[in-house]
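Only one structure is covered here, and it is reproduced in the block below.
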Amino acid sequence: MPINKNHLYEIGAVLEKYNAGDYIFRENGTPQFYYQILTGEIKLNNYHSDGKEFIQNILSTDDSIGESLLFTEKAYPMNARALTECSLLKLSKTSFYKLLELQPQLYLMLCKALSERLYKKYILIKSVSCHSASERQNEVMQLMKQEQDNQSPFTFEIPLTRQQLASLTGLCIETTIRTIKKMERQKLLRIENRKIMY
DNA sequence: TCATTAAAGTTAT
DNA sequence: ATAACTTTAATGA
């Protein structure tokens, strides 16, 4: 999935470090770079006018950030912000295009990655738009779990805080917590030292 | 059913 | 110690 690091370095990528809370880019900014995560976690989000946050996605090692925006002239529709200390590889848009020219097989990889993203986005929108609270949560957790190999129950630790989960489902945190508790009672998940096992 | 407010407990820095 | 996160309870749309 990720682009080979050496290829990125050869064409001029640079290593950048960010601290937790730093912006990689902001909503309405112009996309000028390809980013790939080496370490750390990034969230893509929006802030509503009342200050409430909606998380679009959480990305980690080997994910690329905002690559879908490099093929349009549109501004970023979201922020990218570091959740933890991060190191990223950053490549200018022009160098990125050059790399694609030199290695056309990357196009296919990119297409696959984009398809994957789009698929998840559709599922997420479906689950966030038209269900009750617990159903929303169930679907979101289900979606995250699909990325790991082991599909047996209670083996997947939800890698989010309650607050992040709330921002991802569009629910308030208290409702999120109550829903989690209810799901625990229904044996849909387990809570082990405050971590959600799904 | 779910958001909001308030208050208090817990964990991380 | 202080900030960030988690939980419970009461109230109201």
Side-chain angles (χ1 to χ4, degrees), chain A residues 15-29 35-63 65-66 76-90 117 120-148 150-198:
Chain A
L15 183 71
E16 285 206 331
K17 302 247 181 198
Y18 293 85
N19 293 314
D22 287 352
Y23 282 86
I24 289 83
F25 53 75
R26 287 169 189 270
E27 186 172 354
N28 297 322
Y35 298 92
Q36 189 165 302
I37 304 177
L38 293 181
T39 63
E41 294 191 321
I42 304 281
K43 66 180 172 185
L44 302 181
N45 72 358
N46 298 104
Y47 292 104
H48 300 167
S49 43
D50 61 1
K52 203 184 285 178
E53 176 183 24
F54 182 76
I55 296 180
Q56 296 259 5
N57 207 349
I58 292 184
L59 305 171
S60 52
T61 302
D62 287 345
D63 287 324
I65 311 171
Y76 282 121
M78 74 298 200
N79 304 293
R81 235 181 142 178
L83 285 172
T84 63
E85 200 173 278
C86 294
S87 52
L88 309 181
L89 281 178
K90 176 176 166 181
R117 279 281 164 75
K120 280 202 280 182
K121 209 75 227 173
Y122 281 131
I123 302 282
L124 193 64
I125 288 181
K126 183 183 73 158
S127 35
V128 168
S129 61
C130 53
H131 293 303
S132 68
S134 63
E135 282 173 307
R136 275 193 235 180
Q137 261 179 184
N138 218 340
E139 296 242 13
V140 168
M141 293 193 288
Q142 183 73 52
L143 183 62
M144 285 189 290
K145 179 168 181 166
Q146 277 176 14
E147 284 165 44
Q148 84 165 11
N150 188 348
Q151 291 296 310
S152 44
F154 316 128
T155 57
F156 179 62
E157 177 181 324
I158 302 291
L160 302 174
T161 66
R162 309 288 196 268
Q163 286 183 345
Q164 288 169 341
L165 196 55
S167 301
L168 202 55
T169 51
L171 299 167
C172 73
I173 180 169
E174 293 85 347
T175 301
T176 300
I177 287 166
R178 278 188 214 101
T179 306
I180 291 167
K181 296 263 149 99
K182 192 161 90 189
M183 291 173 73
E184 185 189 22
R185 270 179 258 123
Q186 295 170 343
K187 308 267 188 276
L188 290 172
L189 54 79
R190 278 186 201 156
I191 295 175
E192 286 168 19
N193 57 57
R194 297 183 147 226
K195 289 290 173 191
I196 304 169
M197 305 303 294
Y198 184 76

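Letters A, B, ... are given to chains in the order of the sequence lines, protein chains preceding strands, and every chain is numbered from 1. Because the structure is predicted, anything quoted here is derived from the model rather than measured.
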Problem - A/Tyr198 vs A/Gln142 side-chain heavy atoms within contact, under 4.5 Å - result: yes
Exercise for the section: Heavy atoms of chain A, cut-off under 4.0 Å: which first and last nucleotide of DNA chain C, 5' to 3', fall inside that, if you could look? Expected result: C/dC5 to C/dA10
Handout entry: 4.5 Å side-chain heavy-atom contact, A/Gln146 and A/Ile123
Key = no
Handout entry: Student check: side-chain heavy atoms of A/Gln148 and A/Thr155 closer than 4.5 Å
Key = yes
Fill in the blank from the handout: For nucleotides 3-13 of chain B, 5' to 3', base contacts (B), sugar-phosphate-only contacts (S) and non-contacts (-) with protein non-hydrogen atoms under 4.0 Å give SBBB---SS--
Exercise answer: donor-acceptor pairs, residues 173-189 of chain A side-chain atoms, under 3.5 Å, sequence neighbours excluded:
| from | atom 1 | to | atom 2 | distance (Å) |
| --- | --- | --- | --- | --- |
| A/Thr176 | OG1 | A/Cys172 | O | 3.0 |
| A/Thr179 | OG1 | A/Thr175 | O | 2.7 |

Completion exercise
Looking only at heavy atoms, the pair that brings A/Glu27 and A/Asn79 closest together is N-OD1, 2.9 Å
Practice task
Over 60° means perpendicular and under 30° means parallel, so classify the ring planes of A/Tyr35 and A/Phe25, tilted if in between.
Solution key: tilted
Problem - Non-hydrogen atoms of A/Ala82 and A/Ile24 that approach each other most closely - result: N-CD1, 3.7 Å
